[in-house]
Amino acid sequence: MLITQAPKGTQDVLPAESARWQAVESNMREACRLAGYREVRTPVFEHTELFLRSVGDTTDVVQKEMYTFLDKGGRSVTLKPEGTAGVARAFLEAHLEAGALPMKMYYISCPVFRYEKPQSGRLREHHQLGIEVFGAKDASCDAEGIRLALDVLAASGIRGLRVSINSIGCPNCRAAYLEQLKNFLRPRLPRLCDTCRDRFERNPLRILDCKVPSCQAELTDAPDMLGALDEDCAAHFESLKASLNALDVDYSVDPRIVRGLDYYTRTVFEIITDAENGPLTVCGGGRYDGLLKQLGGPELPGFGFGMGVERVLMVQDMMGVRPPEAPVADVFLAALPGARLEALKLLRDLRGAGVACDMDHAARSLKAQFKYADRLGAPYVTVVGGDELARGALRLRDMRRSAEEEIPVSEFIPAIRKKLAGEGAGV
RNA sequence: GUGGGCGUAGUUCAGCGGUUAGAGCGCCAGGUUGUGGCCCUGGAAAUCGUGGGUUCAAAUCCCAUCGCUCACCCCA
């Protein structure tokens, strides 16, 4: 039994996996650079009050999933359960509304925490990539964000995802719709399932998404939100669809997309794939025009999304997308006894010339050093020492071709660089 | 929070009442005293998750507990 164990619902990213993370992250950075987003980093924890007022104090996320605790000063703080609130707070605190608007920001592999029972694709700590834009009211902003998310996924080798969009209107038309929906449901309540009856007061929109067939049967004539949008919200939704078309985004309108965070207005969307156990959302987001005002700031619109890094990697696995493994070292220096200091000097010279190289640090036999080099994936191993070194040369072994040659020390670095440059072209 | 499944070498698993608990892969060593991968030989490695109970006898049956995992809820 090990004396240590990672906390429930957490995952280590071990050296063998970290390159995959970095690849997704660099795809995000590049897409954001091209689209004029700049990185923002905010604290891992915030005042609990921030989430109560943004995410919403009646949501499941706030009511039962937050990591909330008192610090030693008696302040209630919470590990962030999502990315938007902290960025909104930072935007307001730094008075970025006084600068150029819209302000387009992104974040990379931001840890987020939710106290849930872990299962496939769901962790207590996971990481999100995302964007937040403040001060852009047009639906072209929403479409641009969705396009960006798809571009990041495509660059990460993932295709064939479904984009589902919906509009949940503004507080005015949504309130009217909810009344309409509840009036429709009230007489049918006895025939709905237990969870739906529970949802009636808490979150009636969710009932539309119930998977129980008998509930679905009751809902065939239910009013939908899209039909209840007011004029401005309907126009915004039409504009969103036109913008997505302009950006070549294939989407479908899904009136059941709701989202579990209170701050959303108008546009909500999800990017979904089919996992073994059913649909899996890899990215979700939408518009939050009332958020800054609600936090005591100016009335400025907002839009953003969060993308789950672990889920993206999961989809890559499902689709067999596996980035090629880069060797840990391009050249491994296998030192013979008595030549370790020579090897160490050569190591520094090679690195100074930009060659990734490594050597043994465990006084191992030549055989063991070769074995280690092989496991690092090193394409070249150089034997340092012995007769060759005595006459001013090094023996270079090409591990894949099992061929060896002797190179004078003075020509060694240019020679190895030339070989590696050839590799780069071939790959 | 509710409900399933599973805990046996580093790992994937077999064994499911009866001597000293096995295998594949991995690991270490040797075959090759200056050379990896393949092959051969040998070796190390398990208080059978933990605690209690039943039994002449428990990895195996029962109970509890902890852990992992999957689904619901919700979400990335």
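For the numbers below, each heavy atom of this structure counts, side chains included, while hydrogens, waters and symmetry mates do not. Every chain is numbered from 1, with letters handed out A, B, ... down the list of sequences.
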*Asks:* For A/K137, is the NZ atom crowded, meaning more than 12 foreign heavy atoms sit under 6.0 Å from it?
*Replies:*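 Counting neighbours around NZ of A/K137, 12 or fewer heavy atoms of other residues, nucleotides or ligands fall under 6.0 Å, so no.
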*Asks:* Quick one: does A/P81's side chain get under 4.5 Å of A/F51's, heavy atoms only?
*Replies:* yes
*Asks:* Has the side chain of A/S365 got a donor or acceptor atom sitting under 3.5 Å from an opposite partner on the base of B/G34?
*Replies:*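 Looking at the base of B/G34, it does not pair with any donor or acceptor on the side chain of A/S365 (distance under 3.5 Å).
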*Asks:* Looking at B/G1, does its base get a donor-acceptor pair with the side chain of A/E65 below 3.5 Å?
*Replies:*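 No, no donor-acceptor pair under 3.5 Å.
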*Asks:* Report yes if at least one side-chain N or O of A/Q128 is closer than 4.0 Å to OP1 or OP2 of B/A76; otherwise report no.
*Replies:*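 Answer no for this pair, as no side-chain N or O of A/Q128 is under 4.0 Å from OP1 or OP2.
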*Asks:* What nucleotide among B/G37, B/A76, B/U35 has an atom nearest to a side-chain atom of A/V383?
*Replies:*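 Side chain of A/V383 sits closest to B/U35.
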*Asks:* Looking at A/Q369 and B/U35, is any side-chain donor or acceptor paired with a base atom of the opposite kind under 3.5 Å?
*Replies:* no
*Asks:* Does B/G34 have its OP1 or OP2 closer than 4.0 Å to a side-chain nitrogen or oxygen of A/K367?
*Replies:* no
*Asks:* If you assign each of A/R311 and A/K8 to its closest nucleotide in RNA chain B, which residue comes earlier from the 5' end?
*Replies:*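 Looking at RNA chain B, the more 5' nearest nucleotide goes with A/K8.
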*Asks:* Can you pull the ring pair (Phe, Tyr, Trp, His ring centres under 6.0 Å) pairs that have at least one residue in residues 353-407 of chain A, sequence neighbours excluded?
*Replies:* A/F332-A/Y372
*Asks:* So A/G130, base contact, sugar-phosphate only, or nothing? Heavy-atom distance under 4.0 Å.
*Replies:* nothing
*Asks:* If the cut-off is 4.0 Å, is A/K117 near the phosphate of B/G1, judged by side-chain N/O to OP1 or OP2?
*Replies:*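 No, A/K117 has no side-chain N/O under 4.0 Å of OP1/OP2 on B/G1.
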*Asks:* Is a donor on one side and an acceptor on the other found under 3.5 Å between the side chain of A/R20 and the backbone of A/L313?
*Replies:*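 Between the backbone of A/L313 and the side chain of A/R20 there is a qualifying donor-acceptor contact (under 3.5 Å).
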*Asks:* Please state whether the base of B/G36 and the side chain of A/R375 form at least one donor-acceptor pair under 3.5 Å?
*Replies:* no
*Asks:* Reckon A/Q5 has a side-chain N or O less than 4.0 Å from the OP1 or OP2 of B/G67?
*Replies:*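 No, no such contact exists.
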